[in-house]
Amino acid sequence: MKIATFNINGIKARLNALTDWLDEAQPDVVLMQEIKSVDEAFPSEIFEERGYNVEVHGQKSFNGVVILSKLPLEDVTRGLPGDDADEQARYIEATVVGESHSVRLCGLYLPNGNPVELDGNDAPVKDGKYAYKLAWMDRLRARAQQLLAEETPFLMAGDYNIIPQDEDAATPDSWRGDALFRPESHAKWRALLNLGLTEAFRAQTQAPGHYSFWDYQAGAWNRNNGIRIDHFLLCPYTADRLRDCQIDKDTRARDKPSDHVPVWIELDL
DNA sequence: ATGCCTAATGGAATTAGA
């Protein structure tokens with residue numbers, strides 16, 4: 001089963017680029033982020049025509065996540081547990097039924113967290129964007145812990161807005177103080193991994209210089225000034241079934257690209 | 001230097017992204 005994650009940066013602006021990639025990459029499942037659309041305005045029929053089931057968790061202007069699947073989706077839930085006051089559409093779960101096994105798909109758009117606002121003790125300012133990011137990561141960890149406890153096979157994939165290590169950025173020194181790369185962000189990332197989760201790309205590839213995002217500004221793509229922030233985290237059961245993980249870098253060079261490119265895994269399910 | 005670009009909103013300039 002081929003499962004992809006793709007931050008499309010707006011469904012309306014990405015229809016052609018998205019359908020071109022879908023028709024050629026032929027993923028069985030796609031977890032999409034930043035659709036920037038309400039549920040009613042999402043063009044589900046474009047994907048249904050291609051044989052996908054579509055589950056949307058949208059929001060006006062910003063955020064918004066979607067699951068596409070050629071196989072049936074069951075038990076769909078919207079929103080990350082742990083904060084009833086959180087109105088942002090950044091998380092969706094569904095179970096996909098494979099030939100012999102099922103897996104819980106957790107699609108996520110983790111908050112960016114910039115600008116980083118710290119108080120006099122270098123603690124994130126309450127109600128600031130960075131505090132929201134760190135709290136969101138705590139909630140994600142709690143959800144992963146719950147899925148592990150109930151022995152539900154799962155994967156968590158999407159735009160994590162985390163650069164894991166120096167080798168995941170072309171210019172790591174320029175990111176040191178950024179919400180994507182700060183020590184507090186890395187600590188939360190490692191707390192996720194320390195539950196026993198496997199980061200799929202690094203399970204397959206050790207080399208530096210592989211990125212999933214290039215800024216639209218300052219010729220970042222032409223200078224290969226990228227960062228790797230779109231990830232798959234796999235529970236042990238799912239990690240044992242990982243066969244491949246690749247980044248579809250070429251899509252960044254096409255017409256009207258997203259600033260992110262698709263990342264995909266192949267699982268034996 | 002929170003900018004050099006892009007998208008959404010709304011119908012001009014602002015917000016957000018990372």
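Convention: sequence-line order gives letters A, B, ...; per-chain numbering from 1. Predicted model only: the values in this text are computed from it and were never measured.
Taking the P atom of each, B/dT15 and B/dG11 are spaced 15 Å apart, rounded to whole Å. On the C1' atoms, B/dA12 is 16 Å away from B/dA7, given to the nearest whole Å. Taking atom P in both B/dC4 and B/dT14, one finds a spacing of 13 Å when rounded to whole Å. Distance noted for atom P between B/dG17 and B/dA1: 23 Å (whole Å).
Regarding A/Trp175, its CH2 atom lies at a distance of 11 Å from the C1' atom of B/dT2, rounded to whole Å. When the C1' atom of B/dG17 is taken as reference, atom OH of A/Tyr130 falls 17 Å away, rounded to whole Å. If you measure from atom CG of A/Asn63 to atom C1' of B/dA7, you get 13 Å, rounded to the nearest angstrom. Protein atom CD1 of A/Ile162 is 12 Å distant from nucleotide atom P of B/dA18, rounded to whole Å.
The residues A/Asp168 and A/Arg228 are annotated as salt-bridged, a charged nitrogen and a carboxylate oxygen being separated by less than 4.0 angstrom. Salt bridge annotation for A/Asp86-A/Arg139: present, with a cationic side-chain nitrogen under 4.0 angstrom from a carboxylate oxygen.
Each of B/dA7, B/dA18, B/dT2 was ranked by its minimum atom distance to the side chain of A/Asn9; first place goes to B/dA7. The side chain of A/Ala218 lies closest to B/dC4, out of B/dA7, B/dA18, B/dC4. Comparing B/dT2, B/dA18, B/dC5 against the side chain of A/Gln217 picks out B/dC5 as the nearest.
In terms of position on DNA chain B, the residue among A/His260 and A/Tyr216 whose nearest nucleotide sits closer to the 5' end is A/Tyr216. Residues A/Asn7 and A/Lys12 both approach DNA chain B. Their nearest nucleotides, taken by heavy-atom distance, put A/Lys12 toward the 5′ side.
Within the 3.5 Å criterion, the main-chain N or O of A/Arg202 finds a donor-acceptor partner in the side chain of A/Gln206.
A/Tyr160 comes within contact range of no nucleotide atom at all, as no heavy-atom separation falls under 4.0 Å. Within 4.0 Å of A/Asn112, counting heavy atoms only, lies at least one base atom of the nucleic acid. Within the nucleic acid shown, A/Asp159 comes within 4.0 Å of sugar-phosphate atoms alone, with no base atom in reach, counting heavy atoms only.
For the pair A/Arg90 and A/Tyr109, the cation-pi criterion (under 6.0 Å, within 45° of the ring axis) is fulfilled.
Distances shown here put every side-chain N or O of A/Arg14 at or beyond 4.0 Å from the OP1 or OP2 atom of B/dT6. Phosphate proximity of B/dA18 to A/Asn161: present, with a side-chain N or O under 4.0 Å from OP1 or OP2.
Annotation: salt bridge (charged side-chain N to carboxylate O under 4.0 Å, His left out) contacts of A/Asp127 (sequence neighbours excluded): none.
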Heavy-atom contacts, protein to nucleotides 10-16 of chain B, under 4.0 Å, summarised as B (base), S (sugar-phosphate only) or - (none) per nt, yield ------S
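The shortest side-chain heavy-atom distance between A/Ile265 and A/Leu234 falls under the 4.5 Å cut-off. For the pair A/Tyr211 and A/Ile163, the minimum side-chain heavy-atom distance is 4.5 Å or more.
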